[in-house]
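I have placed the structure first, in the form of structure tokens, so that the comments after it can refer back to it.
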Number of protein chains: 2
Amino acid sequence: MPAEASAPTGGGTQAQAGPDAAAAPGRRERVREATLREIKDNARRRLAAEGPSGVSLRAIARDMGMTAPGLYRYFSGLDDLLNDVRADLFHELSAAVAGAAGPLPEDDTDGRILASLRAFRSWALAHRAEFSLLFATPAPQDAPDPRVLEAGRGFAASFFSLFDRLLAERRIPLPADDEIGPELRERLDAFAAKTGFTIDNASYGALRVLMSCWVRLYGLVSMEVAEHMTPIMGDMEPLFEAELQDILSPAGVAYRASGQD
Amino acid sequence: MPAEASAPTGGGTQAQAGPDAAAAPGRRERVREATLREIKDNARRRLAAEGPSGVSLRAIARDMGMTAPGLYRYFSGLDDLLNDVRADLFHELSAAVAGAAGPLPEDDTDGRILASLRAFRSWALAHRAEFSLLFATPAPQDAPDPRVLEAGRGFAASFFSLFDRLLAERRIPLPADDEIGPELRERLDAFAAKTGFTIDNASYGALRVLMSCWVRLYGLVSMEVAEHMTPIMGDMEPLFEAELQDILSPAGVAYRASGQD
DNA sequence: CAGCTTTAGTGAACGGCGTAAAGCTTACGG
DNA sequence: CCGTAAGCTTTACGCCGTTCACTAAAGCTG
């Protein structure tokens, strides 16, 4: 077994004596893990401070007291690092959205949804550069990274699963299935398949409403993060709350002012 | 140097004694204007082909058979060039949106609005990189350019003025003014002031509906340009048409399928 | 016409970037 | 104890934006 198994990323399988030595990370890997974190932390710092274009391998290495090529032991290049950060960010965003619903009672479906949607906005505003890294239009040529795609799918799933219970309660005044054209149904089928919904527990009408919710939330928050309207409207929070009300009412969610107001 | 007018293009048209010579651009400035156009055209080409990060002064200069510092006679730097392009793009986008309504009869308010909103989407999809240059989140530190701001305001004005006639016809089932909170009213006042609306010809309810339309259209098109949903939904056109219907119905616009279907 | 001034453009240079190749040092595993 | 691989540095190449000193031409003016 010593012959091969020289995986580039992590060798840790040594442990000649202990049977459960797999649990022990081993000094080597602990150090490696720490360096990896340090790299990503520095990337994040620069990202938050200067935006996506401010993240450079040379600058990160400089901050860490090493040289840029050394980072290639940890990432195959700048893009790889950025994609790794993107995946992390998607997970954090998912956690923030899910976490906001956590403290509320299980049966307060409306409250949980409201809290989660507000959490999405709050996270975006507190992490503008990170948000834009996640949702920016990619350059024409570069293919999406599988880790990012996966993490993005995870976020989508966690977002839409907010509405699971709402759908189960069946109190949504949904558009009838036959109001939805055949092409759109096809698309919604594809969407449902990839996000884990089935048309059994979510009608076409429900999926349609969910998509609409997401589109409106996304549009509103994107605009606010990009400060598109800010110069002509100032603080966007009143508009957000008003939109929130409108966005959720077709889904049968009763609006309720934010708790900490 | 032989005496005069050996230019192959045949210059030397204007007399030096003409009193209204101010109207004649003068050879010098014509050449300058041409070079300026060439620079911007090359920038546009690279933008469309490789995205915003593919636009570089050195590459543009190389394409034109000159060196990068020469471009500084025309722009004060890369940012300046990009901002100039951004302003142009806003004007083009405005023209595309307005132009789509042009062929339709003046009194077909609904048709004109539908055509314009579809034109916005079409333009964005046909100019992904340009769209993302216009609407991308700016880096934290860089201040917005006044030309871009002005052009952006122009676009907003041209967009919202689509609805002028609709408002005048007063057939919108608007939310009553008193359904709108005081903070939001304040924001809508600011918005109306900067876009040329007055609360006289557009109630708070109308402004509210307009904002909602824009947010939804923007969210949908941004997602489509960024190909956020494309991997899990495929072609977004059916969703766009369905959303279009929903977006415009609170504004009292009757949906109608696209003309060229 | 000469002579002066303004303009367009070049060449060299500085510092920053991503990244590839080669070499050095240290720790680990047999 | 020695081979080997991991971690990291040095060097180097080719991009990038931008500055500065400079030339050559064009235009204006007396």
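Chain letters run A, B, ... following the sequence lines, proteins first, then strands; residues in each count from 1.
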Find the distance [X]:[atom1] to [N]:[atom2] and express it as a whole number of Å.
X       : N      : atom1 : atom2 : result
A:Leu36 : D:dC8  : CG    : C1'   : 15 Å
B:Leu57 : C:dT10 : CG    : C1'   : 16 Å
A:Leu82 : C:dC17 : CG    : P     : 14 Å
A:Met64 : D:dC8  : CE    : C1'   : 11 Å

I want to verify a distance call: between D:dT18, D:dC8, C:dG18, whose nearest atom is closest to the B:Leu78 side chain?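 My answer, after comparing the listed nucleotides, is D:dT18.
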Between D:dG17, D:dT9, C:dG18, which nucleotide has the shortest distance from any of its atoms to the side chain of B:Arg58?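 Shortest atom-to-atom distance from the side chain points to D:dG17.
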Ignoring backbone atoms, test whether [X] places a side-chain nitrogen or oxygen under 4.0 Å from the OP1 or OP2 oxygen of [N].
X       : N      : answer
B:Tyr74 : C:dT7  : no
B:Arg32 : C:dT7  : no
B:Arg62 : D:dG14 : no

Which atom pairs, donor and acceptor, lie under 3.5 Å between side-chain atoms of residues 88-101 of chain A and protein residues at least two apart or in another chain?
| from | atom 1 | to | atom 2 | distance (Å) |
| --- | --- | --- | --- | --- |
| A:Asp88 | OD2 | A:Lys40 | NZ | 2.8 |
| A:His91 | ND1 | A:Ala87 | O | 3.1 |
| A:Glu92 | OE1 | A:Arg44 | NH2 | 3.2 |
| A:Glu92 | OE2 | A:Arg44 | NH1 | 2.8 |
| A:Ser94 | OG | A:Phe90 | O | 2.9 |

Just report the end-to-end axis angle for the helix from C:dC1-D:dG30 to C:dG30-D:dC1, five pairs per end, to 10 degrees. 10°
Kindly write out the residues that satisfy side chain to side chain contact (heavy atoms under 4.5 Å, CB included) with A:Asp63, not counting sequence neighbours, or none if the list is empty. A:Asn42, A:Arg45, A:Arg46
May I ask you to decide whether A:Arg187 forms a salt bridge with B:Glu237, counting only side-chain N to carboxylate O separations under 4.0 Å?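 Not counted as a salt bridge, because no side-chain N and carboxylate O are separated by less than 4.0 Å.
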Measure from the ring center of B:Phe191 to the ring center of B:Phe160 and say whether it is less than 6.0 Å.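 Ring centroids of B:Phe191 and B:Phe160 are less than 6.0 Å from each other.
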Is the closest side-chain heavy-atom distance between A:Trp214 and A:Phe163 below 4.5 Å?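 The answer is no, as the side chains (C-beta and beyond) never meet within the 4.5 Å cut-off.
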Protein heavy-atom contacts under 4.0 Å, written 5' to 3' over nucleotides 20-26 of chain C as B (base), S (sugar-phosphate only) or - (none), form the string BB-----
Does anything in residues 46-56 of chain A reach DNA chain D, meaning a heavy atom under 4.0 Å, and if so which residues?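 Residues of residues 46-56 of chain A that come under 4.0 Å of DNA chain D do not exist, since none gets that close.
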Run the side-chain donor-acceptor check on residues 53-62 of chain A: report pairs under 3.5 Å with partners two or more places apart or on a different chain.
| from | atom 1 | to | atom 2 | distance (Å) |
| --- | --- | --- | --- | --- |
| A:Ser56 | OG | A:Ala59 | N | 3.1 |

